[in-house]
Amino acid sequence: MGFRLPGMRRASFNANQTSIKVVDVPKGSLGVYVGEEMKRFVIPVSYLNQSSFQDLLSQAEEEFGYDHPMGGLTIPCSEHVFLDITSRMNRC
């Protein structure tokens with residue numbers, strides 16, 4: 001599957017140090033990748049119900065289908081647009 005569910009852990013392997021690093025996503029949150037540099041954001045799952053965020057999800061589906069290149073949910077918009085949309089959700 002192209003994205004991880006909230007509360008799951010993602011393990012990353014560092015070949016130089018031969019160690020595994022576990023990145024926690026708090027319960028009730030979801031990690032997403034945004035922008036050209038694929039910056040990672042952790043957002044509340046409640047955003048998934050918001051119509052403006054659902055528009056972003058539709059764009060992600062059109063561009064990537066269910067095969068997200070970063071392993072997590074990739075949102076195909078600029079970081080600036082993403083921050084603008086999520087800041088409006090935080091005010092509600």
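- Of the inter-residue distances, the one linking S51 atom OG with L56 atom CG reads 10.0 Å to the nearest 0.5 angstrom.
- Residues V42 and S29 come closest through the heavy atom pair CG1-CB, 3.5 Å.
- Summarising the geometry of M38 relative to Y33, their closest heavy-atom pair is O-CD2, 3.4 Å, with the distance given to 0.1 Å.
- Pairs of residues two or more places apart, or lying in two chains, never qualify as salt bridge (charged side-chain N to carboxylate O under 4.0 Å, His left out) while including a residue from residues 45-58.
- Here the closest non-hydrogen pair linking R40 and V25 is NH2-CG2, 3.1 Å.
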Name every donor-acceptor pair, under 3.5 Å, that has one atom in a side chain of residues 75-86 and the other anywhere in the protein, sequence neighbours excluded.
{"from": "S78", "atom 1": "OG", "to": "V81", "atom 2": "N", "distance (Å)": "3.1"}
{"from": "D84", "atom 1": "OD2", "to": "R88", "atom 2": "NH2", "distance (Å)": "2.5"}
{"from": "T86", "atom 1": "OG1", "to": "F82", "atom 2": "O", "distance (Å)": "3.0"}
{"from": "T86", "atom 1": "OG1", "to": "L83", "atom 2": "O", "distance (Å)": "3.3"}

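- Remark: Q59 CD to T74 OG1 distance equals 13.0 Å, nearest 0.5 Å.
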